[in-house]
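Throughout, protein chains are lettered first and strands after them, A, B, ... in sequence-line order, and every chain is numbered starting at 1. These numbers come from the heavy atoms of this one structure, side chains and all, not from hydrogens, waters or symmetry mates.
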Amino acid sequence: MMKFQVLQERFGYSSFRNGQEAIIDAVLKQQDVLAMLPTGTGKSLCYQLPGYLIKGTVLIISPLISLMQDQVEQLALIGERKAIALNSFLNSRARAKALQNLNQYRFIYISPEMLRMEGMIDRLKNVSISLFVIDEAHCISQWGHDFRPDYLSLGEIRECLGAPPALALTATAQKEVRDDIKHYLKLKNPNEFIYSVDRPNIAIMIERVQTANEKKQRLLELVRQLKKPGIIYFSSKRVAEEMVEHLKLNGVKAVAAYHGGMDQEQRILIQQQFLNDQLNVICATSAFGMGVNKNNIRFVIHFHMPGQVESYLQEIGRAGRDGQESVAILMYSPGDEELPLRLSEYELPEKWQIDAYFNTCQLKNETDLVAELRLSETQLRFLKHYYLLNSQDIEQQINKVKTIRMKRLNYKVNKVWQMYRWIQSTDCRRKQIITIFGENDYSKPADCCDICTFDLSNYYEELTHIENLSSNSWVKRLQQLLKQEVNPL
DNA sequence: CGAGGCGGGACTAGTCCCGCCTCGGTGCTCTAGT
């Protein structure tokens, strides 16, 4: 079968979208591929279509259970039943059955954590894996070094499985992140497809205020005026929830919160209601977004600044997927950079915790250690990961881990300052982003950014100015209009 | 850094204020007990 035939008959498309065909060709030639495509350009087709043209199974590493479930459902809709998501949603019987029949699947979705569970690699060795896909591959760099260290083992796992060709897919990755991806996946001379991160239909704006209170008031104004639907990003679950109440109290309807502290069920419900236009505004933390395929989002507001330009770009990139004019507004008040700086720090163990852990972890049980050293789950995982990796004497190990911690901390702090410089700069915001991502050319849209030319009222809801008038003046205005209509007759 | 919670002291006895402390995001997995 030819790829065009599969495209039409299986997926129901008459042509490829920008970038897809070249990537698919490289995959079919069994080359390692690193592809950076803007959000919403159909990345999953790049491995799903080859799945029908090559022998064997496509293994897809995915960061979220919900993304895996989504993809399996999407595949079911086009009649594909030989797809499975291997994750904790499967009960033990279903999992046992799936593991026994692994080689019958065309597509297997799995998390990095599940891949590293005992016996999993041996199971997969009996399957002929013909393509090793890493969806949202920037997670390797963004999460692998601390939050989810299993991401760093993917390259070794790939080799264990006979080094099948790899396809790494992402939407935003600066050069150093791409280097990380290549290194940790052990890609050999990968074919790289890098498309521009620029989204000309998203106008970029920074709103400066002096205090937190002022920010809150200005946010209410903006939400009232702007065309919806929209997302507001916060770096705190509590503040996100408080803002939902504040907006509701002030007459904003169809607004809800979304963050990682909520029940899985509640999260799915909120996301569905947003996709179905039953909710207009989501007050969210960075937990919201991956896999949210909604094409008519008109604004993305940042109430807190993200810790890095990549996160910012990924978050604003959720606006305007339909190609219509949309706006991204980042609200900044002096001192805002402190929060992301703190967040970068407290994820990593402190120096004294490294000392204490390495010196006593063989003597005490884990529960006691965690309580004694006040370790968070992430800190503990970081320590365990590097404890297992090292086999030299304790002092050497400790120094090595402290160096790793220092490097990681520096990296994250530098990322925050890059974001900060972007906010403070007086250069075209779009041009700076392009430069940060190593690009040179872009065409300036009519509404570019607050430094260039830009009129925020283009993004207001049409009726807003009438609603804002008091009822009296509204009547007067209507009378005027009627007079104007009547007089000429 | 900055917001919020909490404890204690003060003064028309239950409320108010001040100072101190803590916390702040992202997700996978399994296990034990209902």
Relative to the 5' end of DNA chain B, which residue comes earlier, A:F89 or A:E242, by the nucleotide with the nearest heavy atom?
A:E242
Hey, which of these two, A:S111 or A:K412, hits DNA chain B nearer its 5' end, going by closest nucleotide?
A:K412
Nucleotide [N], atom [atom2] - distance to [atom1] of [X] in whole Å:
| X | N | atom1 | atom2 | result |
| --- | --- | --- | --- | --- |
| A:M262 | B:dT26 | CE | P | 11 Å |
| A:E377 | B:dG24 | CD | P | 14 Å |
| A:Q264 | B:dG27 | CD | P | 9 Å |
| A:L67 | B:dC28 | CG | C1' | 13 Å |
| A:H304 | B:dC1 | NE2 | P | 16 Å |
| A:D146 | B:dG25 | CG | P | 16 Å |
| A:L86 | B:dG27 | CG | P | 21 Å |

Hey, can you tell me if A:Y109 and A:Y47 have their rings parallel, tilted or perpendicular (30° and 60° cut-offs)?
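Taking A:Y47 first and then A:Y109, their aromatic rings stand perpendicular (interplane angle over 60°).
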Which label fits A:F274 and A:F288: parallel for a plane angle under 30°, tilted from 30 to 60°, or perpendicular past 60°?
perpendicular
When we call it a touch if two heavy atoms are under 4.0 Å apart, what does [X] touch: a base, just sugar-phosphate, or nothing?
| X | result |
| --- | --- |
| A:G260 | sugar-phosphate |
| A:L341 | nothing |
| A:F234 | nothing |
| A:L64 | sugar-phosphate |
| A:N87 | sugar-phosphate |
| A:P340 | nothing |
| A:R381 | base |

Taking only the [atom1] atom of each, what is the distance from [N] to [M] in whole angstrom?
| N | M | atom1 | value |
| --- | --- | --- | --- |
| B:dA10 | B:dG14 | C1' | 12 Å |
| B:dG8 | B:dT12 | P | 22 Å |
| B:dT29 | B:dG25 | P | 23 Å |
| B:dC17 | B:dC11 | P | 14 Å |
| B:dG9 | B:dA13 | C1' | 14 Å |

A:I354 and side-chain contact (heavy atoms from CB on, under 4.5 Å): which partner among A:V401, A:I404, A:N399?
A:V401
Nucleotide of [options] approaching [X] most closely (side-chain heavy atoms):
| X | options | result |
| --- | --- | --- |
| A:F147 | B:dC1, B:dT26, B:dG24 | B:dT26 |
| A:A212 | B:dA3, B:dG24, B:dG27 | B:dA3 |
| A:E347 | B:dG27, B:dG25, B:dT29 | B:dG25 |
| A:R238 | B:dG27, B:dT26, B:dA3 | B:dA3 |
| A:S236 | B:dG24, B:dT26, B:dC28 | B:dG24 |
| A:A287 | B:dC28, B:dG24, B:dG27 | B:dG27 |
| A:R95 | B:dC28, B:dT26, B:dC30 | B:dC30 |
| A:S286 | B:dC30, B:dG25, B:dG27 | B:dG25 |
| A:S88 | B:dG4, B:dT29, B:dC1 | B:dT29 |

A:K82 charged N/C atom sitting above A:F107 aromatic ring, 6.0 Å / 45°:
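The answer is no; the distance or angle limit is not met.
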Intermediate values then yes/no, side-chain hydrogen bond (donor to acceptor under 3.5 Å, both in side chains), A:Y195 and A:E439:
CA-CA 10 Å; A:Y195 292 86; A:E439 300 176 33; over 6 Å; no
Find out whether A:I232 and A:H302 are in side-chain contact, i.e. whether some heavy atom of one side chain is under 4.5 Å from a heavy atom of the other.
no
Check: A:H259 ring centre within less than 6.0 Å of A:Y233 ring centre:
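When the ring centroids of A:H259 and A:Y233 are compared, they turn out to be at least 6.0 Å apart.
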Near-parallel close stack of A:W143 and B:dT26 base (under 5.5 Å, under 30°):
no
Verify the contact: side-chain N or O of A:K237 to OP1 or OP2 of B:dT26, cut-off strictly under 4.0 Å; return yes or no.
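The answer is yes; a side-chain N or O of A:K237 sits under 4.0 Å from OP1 or OP2.
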